[in-house]
Amino acid sequence: MPISNIIPLTKKLISIKTDPQNKSQLDEALNMIISELGDFTVEIFERNGSRSILAYYGKTRPQNFKVILNGHLDVIPGKSWQYEARIEGDKMYGVGSMDMKTNDSVMLAVFKDLAPSLDFPLGLQIVTDEEIGGFDGTKYQIEQGVKSDFTIAGEATNFNVVNRARGIILAKIISTGKTAHGAYPWRGENAVEKLISFLSKLKKEIPNPASEEWKTSLNIANIEVPNKSFNKIPDLANCLIDIRYIPEESSSILERLTKLASDNHVELKIVANESVLYLDERDYFIEKIQSASKEILNKNSICYGAFGTSDARFFTQFGMKGVEFGLIGGGIGTDQEWVSLQSAEDFYNILTKFLRSL
C-alpha cells in the first residue's frame, strides 16, 4: 500500500488532542477509527470512562483469534503546536506520530485489506488508556473473554521484536511513629527517619544501573509528610515507589520487597503488580515475523528486551502470546517526535506478508 493512503488519516488523528485525561477527544479519535470499519463488526467496551474497540470480520466474535493487532490512541501530552502534523522529507512530526497513531493507521489498513480473505480470524484492537496502564482497555477486553494465539502491539521498534519487557510493581510505603516536641526527640519516634532508613536499604537492595542495562530498577516517585511544623516530630510519612523488574526476578522481587518492609517496620501497600512480557525468541510467530521482515527489508530482525512496557504484557499475564513490533520513529515524549513514512509502508508490507504466511 502506498504511504499516501496512510498519511491523511494519521494527520487527522494527530490533530485530535488525545491526552490520557481528555475523554471527549479520545472518543472522537476512536469514532474516527470506527467510521473506517463499516464492513466489519465492531464491539465497543467501556470501563471507568475508557472506551476501546475490537473489530473482526463476521457477525459473531471468534472464540479465539489467531492474531490480534493491538494499538492505542492516547498519547504522551505535548505542546499545542505539536498537534498539527508536519512532513519534512521522510519524517512526519507530531504528538503520537510514532507512539502510535501512524502505527494505528497502518494496522487498520492491513486489517481492512486482509481480514475478509484470511482463512483464520484476525482481530483489530484499539484502546484509549495504554499510557496510563491499559487496565480498562486491553486488560478489560481479555477479562471479558477476548483471546488470541498471538498479539502484536504495534509499537515503534525499528522493525525488531520486543519479546521481553520488565514487569511493574507500584507501591505505597507508609511509615508511622510517635509525635513529640522537636526539642525532645527522645520522647517520640520520627516517621520520616524510619522511611529514610527503609529507602536507603531499598536502594541497596535494588541499585539502579548507571547506564542502560538489563536490570531491575527503582524510582522513588514521591515523598509526603503531613506535618508542616519545624518543632514537631512527625508521626506519619509515606512515599510512592515504581519498581521495574526483569523476568529473571519475577519469582523473587515481591517477596524481597515484603521482607524488607517487614524488617524495617513500615507498611507496604501494593497498588499494582503487572507481570513481565516474555516469549521465547524461537517461537513460531516470531520466526514468521522475522522471515517477513527479512524479505521486505533485506536485513535481519533481532529480539530484544524493552525497559518500558506495553499492553502486550496482558496477553502474557493471561497465558497467551504477545510481542511489540512496529515501524521506525524517534523523539518519543519530546517536542520532536517523528515517524519514518517509508517505514509505515514497510510495516504494511511486513504485516501483510506475515499474516499470509501463517
Side-chain angles (χ1 to χ4, degrees), residues 1-38 40 42 44-46 49-55 69-113 124-134 136-138 153-157 310-311 326-348 351:
M1 168 174 285
I3 187 57
S4 58
N5 293 358
I6 300 294
I7 291 176
L9 176 60
T10 303
K11 281 187 169 182
K12 289 178 183 177
L13 290 173
I14 290 173
S15 72
I16 304 173
K17 196 172 183 180
T18 54
D19 300 351
Q21 304 305 324
N22 198 343
K23 299 297 186 184
S24 63
Q25 297 290 283
L26 285 164
D27 284 347
E28 181 180 341
L30 192 62
N31 288 337
M32 186 174 292
I33 296 292
I34 294 171
S35 71
E36 297 281 332
L37 292 165
F40 300 90
V42 179
I44 299 175
F45 298 78
E46 181 172 352
S50 292
R51 297 170 74 230
S52 64
I53 64 167
L54 178 69
L69 303 177
N70 170 283
H72 65 87
L73 291 167
D74 51 323
V75 299
I76 299 172
K79 296 181 173 65
S80 58
W81 55 267
Q82 291 178 263
Y83 293 90
E84 182 176 349
R86 74 180 195 278
I87 295 175
E88 296 180 7
D90 180 54
K91 292 182 178 180
M92 179 161 62
Y93 293 86
V95 174
S97 55
M98 72 160 284
D99 186 28
M100 57 180 297
K101 291 179 175 179
T102 310
N103 323 35
D104 292 332
S105 296
V106 172
M107 290 189 292
L108 172 66
V110 170
F111 173 78
K112 290 172 64 177
D113 289 349
L124 177 69
Q125 187 176 55
I126 303 293
V127 305
T128 60
D129 70 331
E130 191 270 352
E131 297 291 356
I132 55 174
D136 297 319
T138 299
E155 303 285 351
T157 65
S310 74
D311 280 358
L327 37 64
I328 297 171
I332 184 172
T334 73
D335 291 352
Q336 299 297 325
E337 181 178 346
W338 61 273
V339 68
S340 160
L341 295 178
Q342 177 59 52
S343 77
E345 187 171 337
D346 292 337
F347 188 32
Y348 176 91
L351 286 179

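Predicted model only: the values in this text are computed from it and were never measured.
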**Q** Could you tell me whether the side chain of Leu73 reaches within less than 4.5 Å of the side chain of Ile16, counting heavy atoms only?
**A** no
**Q** Would you say the side-chain atoms of Glu337 pair up with the backbone N or O of Val95, donor to acceptor, closer than 3.5 Å?
**A** no
**Q** Is it the case that the side chain of Lys112 and the backbone of Glu36 share a donor-acceptor pair, with hydrogens and angles ignored and the cut-off at 3.5 Å?
**A** yes
**Q** Considering residues at least two apart in sequence or located in another chain, which fulfil the side-chain hydrogen bond (donor to acceptor under 3.5 Å, both in side chains) criterion with Tyr93?
**A** none
**Q** For Asp113 and Tyr348, which I'm curious about, is there any donor-acceptor pair between the side chains at under 3.5 Å?
**A** yes
**Q** Kindly say whether Leu26 contributes a backbone atom to a donor-acceptor pair with the side chain of Asp74 at under 3.5 angstrom?
**A** no
**Q** So with a 6.0 Å cut-off around CD of Glu84, is the heavy-atom count from everything else above 12?
**A** no
**Q** Contact between Ile87 and Trp338 at the side-chain level, heavy atoms closer than 4.5 Å - yes or no?
**A** no
**Q** So among Glu131, Lys101, Lys23, Gln25, which one has a side chain to side chain donor-acceptor pair (under 3.5 Å) with Thr18?
**A** Lys101
**Q** Do the side-chain N and O atoms of Asp99 and His72 include a donor-acceptor pair separated by under 3.5 angstrom?
**A** yes
**Q** Would you say the side-chain atoms of Gln82 pair up with the backbone N or O of Gly96, donor to acceptor, closer than 3.5 Å?
**A** no
**Q** Hey, is the main chain of Ser50 close enough, under 3.5 Å, to the side chain of Asp129 for a donor-acceptor pair?
**A** no
